[in-house]
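Note that the structure is a prediction, hence the values are computed from the model and not measured. Every chain is numbered from 1, with letters handed out A, B, ... down the list of sequences.
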There are 2 protein chains.
Amino acid sequence: MPAKATLPGAVASLGLREEAFDAPRRFDKGARIFRRGDPVRGVFLVLEGEVRLCRFGARGEEVILQRARAGEILAEAALDSPRYHCDAIVTEAGEFIRLSASVLRAMLDSDAQFARKWAGMLSGELRRARARLERMTLKSAADRVRHYLATEGRGPACETTISGSLKDLARELGVAHETLYRTIADMERRGELERAGRRLRFRRPAV
Amino acid sequence: MPAKATLPGAVASLGLREEAFDAPRRFDKGARIFRRGDPVRGVFLVLEGEVRLCRFGARGEEVILQRARAGEILAEAALDSPRYHCDAIVTEAGEFIRLSASVLRAMLDSDAQFARKWAGMLSGELRRARARLERMTLKSAADRVRHYLATEGRGPACETTISGSLKDLARELGVAHETLYRTIADMERRGELERAGRRLRFRRPAV
DNA sequence: CGTCGCATTGATATCGCTCAAATCCGGTGG
DNA sequence: CCACCGGATTTGAGCGATATCAATGCGACG
């Protein structure tokens with residue numbers, strides 16, 4: 001579980017002005033912070049917990065567009081839209097701050113320092129989205145696990161502690177959870193992977 | 001084939017200063033504008049033709065991270081990196097302008113107008129990347145075609161004229177080209193889709 | 001306890017990938 | 001004008017990996 005981000009820290013990192021944000025609000029698991037089609041009133045900074053941007057297909061299948069955890073910002077790309085194009089669903093109860101869309105727009109126009117940091121954050125998000133995209137083009141579940149570790153892991157063994165359940169990871173990787181269980185078990189059996197609870201890493205430094 | 005973007009138009013749209021860019025340079029198909037690991041010297045504005053950001057997997061399989069055509073900017077996310085993290089390959093000969101990384105960084109720091117536009121462009125890219133991501137989570141090829149039309153198409157029938165070959169579209173959709181041919185043929189047979197050369201659209205407005 | 005959701009394993013069906021082959025089409029050179 | 005060539009387009013056949021359906025164990029929680 002990631003540390004709870006402090007408001008001052010988060011504000012300092014972006015150089016936000018005071019009028020830009022509301023007081024933190026608590027949300028329970030399952031709550032919707034906004035829905036598709038709602039007018040854009042803000043962008044959300046996650047202090048604690050987890051929120052996902054989701055769309056739902058014709059048959060109700062969920063698609064995760066973004067996962068934001070403590071310290072991360074949700075729906076940054078919405079700032080240029082009049083309306084949200086997806087739902088924001090709380091998947092882990094916590095606290096969130098709304099950053100006013102109008103104030104952010106004003107700051108982007110006037111505060112070069114802030115605009116620079118904002119652009120930097122967008123670049124990072126873009127890179128991460130492209131990494132996920134690359135991962136999704138891999139056909140085999142094992143390759144996706146390898147790519148996930150190589151991308152998200154730390155150190156030579158690409159160690160990661162998965163947040164949430166394996167089921168969640170399966171959805172993130174775009175495979176059925178049964179397939180993920182089997183794949184991980186296979187990779188462990190072959191000595192390619194080590195798993196201890198929610199900790200995953202390569203046994204032999206791959207790639 | 002998209003119209004050739006004019007330098008003044010492209011510059012005006014972003015409010016670039018003169019010292020920010022070089023003279024246009026021609027590139028032939030297959031040329032590499034930069035390679036993975038090269039130090040980041042700039043971002044590239046495509047005036048004509050097409051460039052792709054690609055990574056290559058362990059077995060040499062190509063992964064398209066971005067496709068930039070006339071008027072679009074390539075590798076915007078690289079600005080915060082010291083080195084490129086993928087290859088830029090020309091897939092359609094044309095002209096490109098290098099925008100100096102150092103000048104862009106300076107402009108981001110000092111020119112709020114520019115930073116605002118830059119952030120807006122990043123937001124757009126992010127949205128597009130997330131749309132592709134959403135598409136890749138769809139399992140069936142038909143669903144991906146539908147999503148592609150729904151996302152990229154114009155008007156009630158979601159009409160699109162595909163750039164490049166169907167083979168290219170297949171790679172963009174992450175399916176084998178044979179599968180795409182069959183899928184499109186099936187959808188036409190069922191009266192769901194209409195195809196005339198490179199033009200695709202829904203017959204019945206779906207969704 | 002009873003319930004709920006995650007984790008795990010088994011069995012089966014299905015869809016897309018792969019290999020193969022035929023055709024079409026635009027360009028090129030004789 | 002025609003033969004030829006390379007790449008795109010199609011269609012066929014079969015295999016294999018993954019999704020799906022099912023059942024069970026397990027731990028948390030009220």
Among the nucleotides dA8(D), dC6(C), dT18(D), which one has an atom lying closest to any side-chain atom of S165(A)?
dC6(C)

Using atom CG of L138(A) as one end and atom C1' of dT18(D) as the other, report the distance to the nearest whole Å.
15 Å

Describe, in one word, how the ring planes of Y84(B) and F44(B) are oriented to each other, choosing from parallel (under 30°), tilted (30 to 60°) and perpendicular (over 60°).
tilted

N or O in side chain of R195(A) less than 4.0 angstrom from dA7(C) OP1/OP2
no

Counting side-chain heavy atoms from CB outward, which of dT10(D), dT11(D), dA19(D) is closest to H177(B)?
dT10(D)

S140(A) side chain near dA17(D) phosphate (N/O to OP1/OP2, under 4.0 Å):
no

So what does G174(B) hit on the nucleic acid, given a heavy-atom distance under 4.0 Å: a base, only sugar-phosphate, or nothing?
sugar-phosphate

Report yes if at least one side-chain N or O of K167(A) is closer than 4.0 Å to OP1 or OP2 of dC6(C); otherwise report no.
yes

Proximity to the side chain of A141(B) - top-ranked nucleotide from dA19(D), dG16(C), dT9(D):
dG16(C)

Between R195(B) and the options R203(B), M187(B), E188(B), R201(B), the side chain to side chain contact (heavy atoms under 4.5 Å, CB included) test singles out E188(B)

Compare the minimum distances between each of dC21(D), dA8(D), dA19(D) and the side chain of V175(A), then state the nucleotide with the smallest one.
dA19(D)

Among dT18(C), dT20(D), dT9(D), which nucleotide has an atom closest to any side-chain atom of A176(A)?
dT20(D)

Option among V43(A), I73(A), L47(A) that satisfies the side chain to side chain contact (heavy atoms under 4.5 Å, CB included) test with I97(A):
L47(A)

Looking at the side chain of L166(B), which of dT11(D), dG16(C), dT9(D) is the nearest nucleotide?
dT9(D)

Options dG10(C), dT10(D), dT8(C), nucleotide nearest the side-chain atoms of R182(A):
dG10(C)

Separation of dA22(C) P from Y181(B) OH (nearest whole Å):
18 Å

I need the CG-P distance between L180(B) and dT11(D), as an integer number of Å.
12 Å

Could you state the CG-C1' distance from L169(A) to dG5(C), rounded to the nearest angstrom?
17 Å

Is T183(B) touching bases, backbone alone, or none of the nucleic acid, heavy atoms closer than 4.0 Å?
nothing

Looking at every heavy atom in both H147(B) and A131(B), which two are closest together, and how far apart are they?
CE1-O, 3.2 Å

